[in-house]
Number of protein chains: 2
Amino acid sequence: MVELSEANAQFIAERFKALGDPMRLRLLQALRAGERSVGELAERTGGGQANVSKHLQVLLQQGYVDRRKEGTTSWYRITDPEVFTMCNLVCGGLEEELGRKRKLLRRR
Amino acid sequence: MVELSEANAQFIAERFKALGDPMRLRLLQALRAGERSVGELAERTGGGQANVSKHLQVLLQQGYVDRRKEGTTSWYRITDPEVFTMCNLVCGGLEEELGRKRKLLRRR
DNA sequence: CCACTATATTACCACATAGTCATGGAGCAG
DNA sequence: CTGCTCCATGACTATGTGGTAATATAGTGG
């Protein structure tokens, strides 16, 4: 494992932070099926064009997605499906969380 | 895998966001060896007491750490070592990133 | 009760971020 | 060239976040 120096903590935190936004997660989800243009992604996620474009820059900079330009349209795609492994890991935590909440509700 | 509904995207994003801060990553790293008190963590991470305490609340609320009170001191510990699996995954990305940067530097 | 220690919480400030609107640039059809 | 489409970027605002200092809470020993 990479040593968690101060500089590395900064890098790793930024990688996590890039995944810490619902819109960006939905973008990744939408890209799961394959390459998509910005317009398609805006439509599928229900976000504004500018907003989607900016979020894609974040994912691009962190290397989660890749871009291919064709004419005036930009095609984005997942670079490393490993990102979904991480989603599954936190989803595990999510299921526990939901279980905990269901318990709490039952207790009342 | 959990369906990525709007509500779930929110939950998952918050779990990622909790890991998206250098101080919180250093706290988890410091807890890797075992249980630690807030004071110990403040000393090891070089953070202020109030700040460390607040970050620990975030990790606690997201279920990454657990707390045990003994007298006036609170002992925190990792609840699920799975979190380090995630760190290793993003560290993989980090190594690629560093590799990319080294290449860029060599190119000059 | 008093002082001391350890932690949590509050108030506050500086700064970052998400969202939207408007604009700019670049390809493409006519 | 003109107009159109698609995307990126900048300005702006509202909201969120990290850090710190001060205060509150609570246990402990005298």
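Each chain gets a letter, A, B and so on, in the order its sequence line appears, and its residues count up from 1.
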- Between P of C/dA8 and CG of B/Leu60, the distance in whole Å: 9 Å
- Is there a path of hydrophobic side-chain contacts, each under 4.5 Å between heavy atoms of I, L, V, M, F, W or Y residues, that connects B/Ile78 with B/Leu60? yes
- Query: Should B/Phe84 and A/Met86 be regarded as members of a common hydrophobic cluster, given that ILVMFWY residues are connected when their side-chain heavy atoms come within less than 4.5 Å of each other, either directly or indirectly?
  - Reply: yes
- Task: Write down the distance between CZ (B/Arg67) and P (D/dA26), rounded to a whole number of angstrom.
- Result: 13 Å
- Query: Atom CD of B/Glu14 to atom C1' of D/dT15: distance rounded to whole Å?
  - Reply: 14 Å
- Query: For the base of C/dA6, is there a side-chain donor-acceptor partner from B/Gln49 under 3.5 Å away?
  - Reply: no
- Message: Any base atoms under 4.0 Å from B/Ser74, or only sugar-phosphate, or nothing? Heavy atoms, all strands.
- Response: sugar-phosphate
- Task: Determine the contact category for B/Thr73: base if any of its heavy atoms lies under 4.0 Å from a base atom, sugar-phosphate if only primed atoms, P, OP1 or OP2 are that close, otherwise nothing.
- Result: sugar-phosphate
- Here the gap from A/Arg77 atom CZ to A/Arg67 atom CZ, rounded to the nearest 0.5 Å, amounts to 12.0 Å
- Between A/Arg68 (CZ) and D/dC7 (P), how many Å, whole number? 12 Å
- Message: Whole angstroms only, please: what is the CD-P distance between A/Glu43 and D/dC7?
- Response: 12 Å
- Query: Would you say the base of D/dT20 and the side-chain of B/Lys54 have a donor-acceptor pair closer than 3.5 Å?
  - Reply: yes
- Task: Whole angstrom is fine here: how far is it from CG in A/Asn51 over to C1' in D/dA8?
- Result: 13 Å
- Item | Atom-to-atom span, NZ of A/Lys69 to C1' of D/dC6 - whole angstrom | 11 Å
- Taking OP1 and OP2 of D/dT17, is either one under 4.0 Å from a side-chain nitrogen or oxygen of B/His55? no
- Query: Does the ring of A/Tyr76 carry A/Arg36 above it, NZ/CZ under 6.0 angstrom from centre and within 45° of its axis?
  - Reply: no
- Residue pair A/Thr72/B/Ser37 against DNA chain C: nearer the 5' end by closest nucleotide is B/Ser37
- Message: With a 4.0 Å limit, can you tell me whether A/Lys17 has a side-chain N or O closer than that to the phosphate oxygens OP1/OP2 of D/dT17?
- Response: no
- Task: Report yes or no: is the cationic atom of B/Arg24 (NZ for Lys, CZ for Arg) under 6.0 Å from the centre of the six-membered ring of B/Tyr64, at an angle within 45° of the ring normal?
- Result: no
- Task: Identify, between B/Leu56 and A/Gly47, the residue whose nearest nucleotide on DNA chain C lies closer to the 5' end.
- Result: B/Leu56
- Task: Find the distance A/Tyr76:OH to D/dC7:C1' and express it as a whole number of Å.
- Result: 8 Å
- Under 4.0 Å between any heavy atoms, over every strand shown, what does A/Gln57 touch: base, sugar-phosphate, or nothing? Just pick one. sugar-phosphate
